[in-house]
Amino acid sequence: MPINTVASRLERSYLRLLLGVSLVAFTALLGWLNGLGRLDQLIYDRAISLINRPAPTDVLIVTIDDSAINTLGRWPWPRSLHAMLLERLQTARAVGLDIVFSESNVQRTEDDRLLIDAVQRHGRVVLPIVLDNLDRPTRAELPLASLAQAAAGLGYINVDPDDDGVLRRTTWARNTGNLPWHQFALAMLEVGGDAPQVHRFLTQLPPDATTLIPYAGPPGHFQSVSYLALLRGQVPPDAIKDKYVIVGAWATGLGDVFPSPVSHNTSGIQGVEVIANLLYAARQGSILVPAQTWQTALAGAIPVLLLCLALPRLSPRQALLCSAALLGAILVGTIAILSFWNIWIPPTAALLGVALSYPIWSWRSQEAALRYMSREMKRLRVEYPPVLDETTHSFEHRIGRSLDHHVHELDRTLTHVRNLRRFVEDGLDGMPDATMVIDKKGRLQYKNRPADMYFLQLGIRLPRIGQTIAPALEQAFTAPATRQTVRQALQPPADGDQTPDATKETETAATRTSVEVRDRAEHDLLIRCSPIRTAQGAYAGMVVTLSDISAVRQAERQREETLRFISHDMRAPQNSILALVELATRSQQTGSGTVDSHVEHTRLRPTALVHDSQLHAADHPPAQTLTRIAHLANRTLRLVDDFIQLNRAESMSIARDRLDLAAMLHEISDDFWAAAQARAMTLDVQSSVPVALAYGDSALILRALSNLLDNAIKYSADNSTIHVRLSPDVDTWAIDIQDTGPGIAVEDQAHLFEPFFRTKTVQDSNTEGSGLGLAFVHAVAQRHGGSVTLHSELGVGSRFTFRVPVGTVSETDA
């Protein structure tokens, strides 16, 4: 993968992580600070109003309503009426008189006595007290002392609305000095015989004994009867028996009315209903508490974290729907937790975090997308110049910043890509060879017109785009071995996961497969399979090219016939000439046809015998002329041999044998020892390693080194030393052959390895050569992946360095 691509991905990942962490941290901090306050209260009110619990059947409210006021007169009523009411409530489990009796009635003291007696007789009456401060009370305002003594219990009726005036919470227990006081509803439960339940309830309360009020329902949710109807005896006794009865004001302008979460459709909820809700909650053990700060922070951070993890994997539409669904899930989850676990978690922190995450994430994604689009479009301009009818001016203007500008530029870029595709398609169609493009599963993706024509000529059904190409291609060949070869050539390369840089370095002939086969029409085909890779280096497919090389192979066969002609038909007359020359020379030297000696310059023996009777002494040329003819014939044969060897070194297939260059050098020195001794020369052969492993054609390398050593002996002076050195050089073996000859001019060194080239020094000397020896050495070195170089100085000598790659023990013979 390119470095800039990796850096871009790392940058995007870092920005994505930073943005996600920032959103989660912001939401957690907002939750720690208890959300948005007022908005959370509004959501809480709606949530509480949605949670309706069945009204208890053992709680009854006796209302001092407008009808009772109209019938019994203005408030306050005589306390004797309350005494009469208590007589009607004898069977009640407990009675809570939500009426403050802080002063005695000096005008009707007998009414106070009647009420005191009625309270004493009932024995289960709870009277209210009023604290001076609910948060930190210092004093409690009690009823009349005698009335307080007669009551079975006392409880405070103070409430503390929130800043917006809505009554959402209550305090269940407070102390004034050393005197503990319970809320009015708890005092009723204690009097009614549920003291253990009250004790368990108080132990579950938070340290400040303050909780939210778990309203059971809206105003009017609890069972109620009119004070007047009960006083007249219109309420059956069964409606009162064993019930908690709360007596309080209900008339317009008389009682306390509080705004509450469940009274948004009315003017408010009456104080006696608040007490009824508290009594019901305490009996059920329902403690509705706000979540702790860390819980609110965690509850806000989790949805944002989940959304940040999901957004990179979602489309814009899916992201929008997911965000909306998550907002709804937060609200539903808040209500569910409030309903089933009695915990209020302010949701606005989570709602705001989720609501901000989508637009902020979309903004960041859009900015990243625009930057990426700009960068890639600019890169496309540089890497791919305009084609077809595109103008250069359209690729030089600057891309605007807005989304519309980028969309417009993207349209230009896509047009350019379409033109490039058309350019490539037309280029492939214009190729003379049948060309097909297959994907990594071997399915055909593109074919040019010559490919269609090839299959049509063979009568094979044309493969369609998307079909596997191997079955149709195998039909073009009859031999099973050939089909297997084609099938293997179509296999994906082993280095399918390389990066582009690594691919460029290692994609050699091993990955660019070339096989030569013959189809059923007797055409010689060269099938080349070149892998296609993506910009990231992943294997994506293959380009398959079918080249008809029948004409090339025919030319090679003709060349082979020519070489055979040169090798046989031209050599045969030269050998015959040499035979005739030798017979004539022997005849002149001996005069009797006996052989005393042989022609010194004759290198090859005659292959065809010529009878002596065919020669006439009178027709024999002089001995000097015959010697010259033999010399020229030998020279012609050497030229033919050198030409044939050069042609084979340049074009014929070479073997891949395991060679020991050190042993080969010693073998060559042994072959040339006699020639060197004849001129009193010394062959100094040294090797820095005992074994020099290489792979190649032993005959070609042996002849190439022999040519170099033969030249060194030929052009060096008598009584000189020829130095031959073998040493490792990086990843090659370097064989240096140093002579003491006349040297080679600088202007001749550039052409020294060209065929038939001879230096001026050589041309002026008596040493003969064809000018093909060094060309042969150069061809052998090139075919083996090596080289041959020259370092020469006039009058000093020349050093030829022959290099071939070092062989490894893991390498196998081809």
Side-chain angles (χ1 to χ4, degrees), residues 600-601 603 638 642 659-694 698-730 732-750 752-753 757-778 780-781 784 786-804 806:
E600 184 180 24
H601 300 282
R603 183 172 61 90
R638 285 196 298 270
D642 291 344
L659 309 175
D660 182 3
L661 297 180
M664 184 176 292
L665 283 181
H666 289 291
E667 178 183 352
I668 295 172
S669 63
D670 292 341
D671 293 341
F672 285 90
W673 180 83
Q677 288 296 318
R679 298 178 57 187
M681 290 182 178
T682 302
L683 295 180
D684 180 20
V685 180
Q686 294 185 10
S687 175
S688 62
V689 293
V691 177
L693 180 62
S698 60
L700 292 179
I701 294 179
L702 184 64
R703 185 180 181 91
L705 295 176
S706 297
N707 285 355
L708 293 176
L709 187 56
D710 182 49
N711 287 343
I713 296 175
K714 186 185 301 181
Y715 297 115
S716 295
D718 294 345
N719 300 311
S720 61
T721 301
I722 306 298
H723 298 280
V724 181
R725 299 287 185 269
L726 171 63
S727 60
D729 184 9
V730 190
T732 62
W733 295 113
I735 301 175
D736 295 325
I737 299 179
Q738 176 76 51
D739 62 38
T740 58
I744 301 173
V746 176
E747 60 272 14
D748 292 339
Q749 293 182 14
L752 187 64
F753 297 103
F757 178 80
R758 302 185 70 200
T759 65
K760 295 180 181 179
T761 304
V762 173
Q763 292 175 359
D764 296 338
S765 67
N766 295 325
T767 304
E768 296 184 358
S770 63
L772 297 177
L774 291 180
F776 173 79
V777 174
H778 181 265
V780 171
H784 285 80
S787 64
V788 58
T789 57
L790 167 67
H791 178 76
S792 179
E793 296 183 19
L794 291 176
V796 177
S798 302
R799 183 179 73 251
F800 288 86
T801 302
F802 184 85
R803 290 183 174 87
V804 291
V806 174

Are the side chains of [X] and [Y] in touch, meaning some heavy atoms are under 4.5 Å apart?
| X | Y | result |
| --- | --- | --- |
| Ile701 | His784 | yes |
| Arg703 | Phe776 | yes |
| Phe800 | Thr789 | no |
| Thr740 | Thr721 | no |
| Phe753 | Val788 | yes |
| Ser798 | Leu790 | yes |

> Are Asp739 and Arg799 ion-paired here, with the side-chain N under 4.0 Å from a carboxylate O?
Replying inline: no

> Yes or no on side chain to side chain contact (heavy atoms under 4.5 Å, CB included) for Leu705 and Phe802, after CA distance, side-chain angles and deciding distance?
Replying inline: CA-CA 8 Å; Leu705 295 176; Phe802 184 85; 3.9 Å; yes

Side-chain ([X]) to main-chain ([Y]) donor-acceptor, under 3.5 angstrom:
| X | Y | answer |
| --- | --- | --- |
| Arg725 | Gln738 | no |
| Ser720 | Ser716 | no |
| Thr732 | Ala734 | no |
| Trp733 | Arg803 | no |

>> Is a donor from one side chain sitting under 3.5 angstrom from an acceptor on the other, for Asp736 and Thr801?
In response: yes

>> Is it true that Ser727 and Ser688 share a donor-acceptor pair across their side chains at a distance under 3.5 Å?
In response: no

>> So if I apply the side-chain contact (heavy atoms from CB on, under 4.5 Å) rule between Leu702 and each of Leu665, Ile668, Val780, which one comes out positive?
In response: Ile668

>> Leu709 and side-chain contact (heavy atoms from CB on, under 4.5 Å): which single residue from Ile735, Ile722, Val685 fits?
In response: Ile722

>> What verdict does the side chain to side chain contact (heavy atoms under 4.5 Å, CB included) test give for Leu774 and Leu708, after you've listed the backbone C-alpha separation in whole Å, the side-chain angles of each residue and the deciding distance to 0.1 Å?
In response: CA-CA 8 Å; Leu774 291 180; Leu708 293 176; 3.8 Å; yes

